Q: 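Below: one structure in structure tokens.
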Amino acid sequence: MPIARVALDVPLPTLFDYAAADGIAAGQRVLVPFGRKQVVGVVMECAADSGLAAERIRPVTQVLDEIPPLPAELLALLRFCSDYYHHPLGATVLSALPSRLRSARRIKPGNAAQYALSASGRALDLGRFPGRKVVQHRILAALQAGALNPAQLRALSPGAPAALKALLQAGWVEVCAASHRAVSPAFDNAHTLNAEQQRAVDAVARANGYGCFLLHGVTGSGKTEVYVHLMHRALQRGGQVLLLVPEINLTPQLENYFRSRFPDTALASLHSGLSDGERAHNWLGAQTGRARIVLGTRLVVFAPLPQLALIVVDEEHDASFKQQDGLRYSARDAAVFRANQRGVPIVLGSATPSLESYHNAQSGRYRLLQLTGRALAAAKLPAVRCVNIASEALHHGIGGHLLAALEQRLARGEQSLLFINRRGYAPVLMCSACGWLSGCPNCDGKLVLHLQDRRLRCHHCGHQARVPGACPSCGDADLKPVGSGTQRVESALRERFPDARILRVDRDSTRNKGAWSAMRQQIHDAEVDILVGTQMLSKGHDFPGLTLVGVLNPDSALYSSDFRASEELFAQLAQVAGRAGRADKPGEVLVQTAFPGHPLFRALRDHDYAAWAKTLLAERRSAGFPPFVHQAMLRAEGKREAGVVAFLQQARKAATGLALPVEVYGVVPAAMPRRASHARAQLLVQCETRKPLQQFLRAWRPLLDALPANKLRWSLDIDPLEF
Ligand code: ADP
Ligand code: ZN
Ligand code: ZN
């Protein structure tokens, strides 16, 4: 009896053996007994026998075959992620499936699967096919005339499902799209590409099989237009396109945009904002090939795509492509692996590429494609000016230059945007008599003052308290807000410009479903004069009436202990600056800073990403930071600090005991050593090349699993972005 090796969602690095009926195939979902429960798993391998004693092997309860098996390519991708991120295979595989597919509930496959001959199936000589395999023969013969769906196959013979499984297993038949033919999709409003765009499209089009292209183009340079032309090409040849976008907030807009460009092409989106049912439906759409364009946030990288022909990762530098819990994968990096595995081109697009990708482009691993000017000749890049706050009187954080510039825009009926990366009224409340600060009782952070409902809130653990009437420490009544957040800027502007229409956009003001999209409409309809907001406003949105961007308080990132903070700040400011002057009116950006001579601001002024990247890369090289080293971070947290540290010390001892050529750092407190009443600490391991680091991790992980870890949680983060 065949043995199915099944991936289950348990924190153990092994597969589990079950006895199965003939015809079981890798990629099939199965219901199996585990302990006293019945759980859903995925068959990863089939074997003739098991290393376990026969009486210990239980049978598969049920094969859940209403959807076709997961393709081998997807299983290989998941195996790679499990290996590379050192996350249990079962947990990796199951976390990649929509929740509906993780349950035994019946799924309506809809008009799901179609089956067709594979290349090897087409090469078969049916005249010499074994005569006793009557049903298989009949199916193969029928498929020679074209693809069939499951109902059509069942009509051939009652034995069709079993025969089909055997044919799938033999690799003669494969799941395919509803229409396997190349189509010529309608392609609307295509611009004639400019020379740089054309060069980019040609370079990717010439790629024979895998190639990784870094498309670096300033905001408004027409990167999207390049994607669209490449997508059109892939669709025309009958391929599917996978498009990764960073932000869930942007997906509905992008979905509409690509629908409008390819009006008769089926598009499915996958992101965490969908209902379970929608997600399963769209996932199946991808698997059956019904959906030709599959778009979504990071999890979309695990969509099965039988005809995948092109991958695009938009805003590839965005940190949201990295998952911060469970399987801590980078969807961008997984996408590159996937393109390579599949032998198709991948385009990573950004105005401010990640240093990792830029470095790869310079070393020749990726190919650099550049768009140096804005696509619309009239839309000039904005003029960026720094205002030294040392020589300004600040009015709730806003200086005189900025106020004057706002006044001008109001007089001309143009829009302005003030960017401040802090929500709430003020980041902390202080007693002017004794210096008391509003700290969070559960974290090493401060409680942020929210004046609207007069509360103090911790943005890390959610703790809330009423604003005290007097200092809890000395009783003095003179408590002052220190620093500015969006609410304070908003109220200062309302006071100053009582007739202006002011809109605040941050996580607090957009909490209700639909609020943000209603606001976007207001902005577009020119019903807003001044926008005040956080980085929600910086990404991807196109506000044609906007001519002034003011940046408040960016300095803390310049000298942060997190070495990536300044990289991220530049990306954010370049994005937000890119919002100004997209149409026919020139834009202006005013940055209030105490360090106007800092190389970051110089590069921003000159629109010179390359100069900035060069500065940063030189710093990283001499400091021995990524991308010049590869890192893994072991993090632990628990109620007792001593327990957390002891665990990490033991882990460190195990690491150094391996005597492998990696650098093992000391155990240190996390950037926020206490959060939500938990002590947090970490241990960094790094190496100049990936391979020895991976070898080390493979040896270390089982030792970690064996350490006593009572009452604490730990995790291993490969290529960590957060410190
Ligand atoms: P990006 O994605 O780089 O920010 P977009 O692709 O959104 O830039 O292009 C910016 C603007 O320029 C859009 O309005 C787009 O329609 C227009 N555009 C892009 N390429 C061309 C072109 N070749 N000719 C004319 N307009 C173009
Ligand atoms: Zn006090
Ligand atoms: Zn807190």
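We count ligands from 1, going down the list as the structure has it; atoms in each ligand are counted the same way. Treat the numbers as computed from the prediction; the structure is a model and nothing was measured.
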Q: Any chance the rings of H450 and H459 have centres within less than 6.0 Å?
A: yes
Q: Any sub-3.5 Å donor-acceptor pair from S509's side-chain atoms to R504's backbone N or O?
A: yes
Q: Might you work through the salt bridge (Lys or Arg N to Asp or Glu O under 4.0 Å) test for D717 and K322, ending with a clear yes or no?
A: CA-CA 10 Å; D717 189 355; K322 180 88 199 283; 2.5 Å; yes
Q: Is it true that R332 and D318 make a salt bridge, defined as a side-chain N closer than 4.0 Å to a carboxylate O?
A: no
Q: For ligand 1, which part of L371 has a heavy atom less than 4.0 Å away: the side chain, the backbone, both, or neither?
A: neither
Q: Can you check the angle at the Zn ion (ligand 2) formed by SG of C474 and SG of C434? Round it to the nearest 10°.
A: 110°
Q: So, are E722 and R564 salt-bridged, with charged N and O less than 4.0 Å apart?
A: no
Q: Should the pair R261-E225 be classified as a salt bridge under the 4.0 Å nitrogen-to-oxygen rule?
A: yes
Q: If you measure from the Lys or Arg side-chain nitrogens to the Asp or Glu carboxylate oxygens, is any gap between D508 and R511 under 4.0 Å?
A: yes
Q: Record the part of T224 in heavy-atom contact with ligand 1 below 4.0 Å; permitted values are side chain, backbone, both and neither.
A: both
Q: The Zn ion (ligand 3) to H463: any N/O/S contact under 2.8 Å?
A: no
Q: Decide, counting backbone as well as side-chain atoms, whether C440 has an N, O or S atom less than 2.8 Å from the Zn ion (ligand 3).
A: yes
Q: With the Zn ion (ligand 3) at the center, what angle do SG from C443 and SG from C458 span, rounded to 10 degrees?
A: 110°
Q: Classify the contact between R374 and ligand 1 as side chain, backbone, both or neither, using a heavy-atom distance cut-off of under 4.0 Å.
A: neither
Q: Which ligand 1 atoms are under 4.0 Å away from a heavy-atom of E225?
A: 6 (O), 19 (C), 20 (N)
Q: Table please: side-chain donor-acceptor pairs of residues 466-477 below 3.5 Å, with sequence neighbours left out.
A:
from	atom 1	to	atom 2	distance (Å)
D476	OD1	D478	N	2.8

Q: Less than 4.0 Å between a side-chain N and a carboxylate O, is that true for R675 and D444?
A: no
Q: Less than 6.0 Å separating the ring centroids of Y358 and Y366?
A: no
Q: Is there any N or O on T219 that sits under 3.5 Å from an N or O of ligand 1?
A: no
Q: List every atom of ligand 1 that sits less than 4.0 Å from any heavy atom of N194, numbering the atoms from 1 in the order shown and giving each element.
A: 23 (N)
Q: Does any N/O atom on A375 come nearer than 3.5 Å to any N/O atom on ligand 1?
A: no
Q: With only distance considered, is G222 within less than 3.5 Å of ligand 1 through an N or O on each side?
A: yes
Q: Where on H191 is there a heavy atom closer than 4.0 Å to ligand 1, on the side chain, on the backbone, on both, or on neither?
A: side chain
Q: Give the atoms of ligand 1, by number and element, whose distance to some non-hydrogen atom of T192 is under 4.0 Å.
A: 22 (C), 23 (N), 24 (N)
Q: Is there an N/O/S atom in C461 at a distance below 2.8 Å from the Zn ion (ligand 3)?
A: yes
Q: Measuring from non-hydrogen atoms of S221 to any atom of ligand 1, is the shortest distance under 4.0 Å?
A: yes
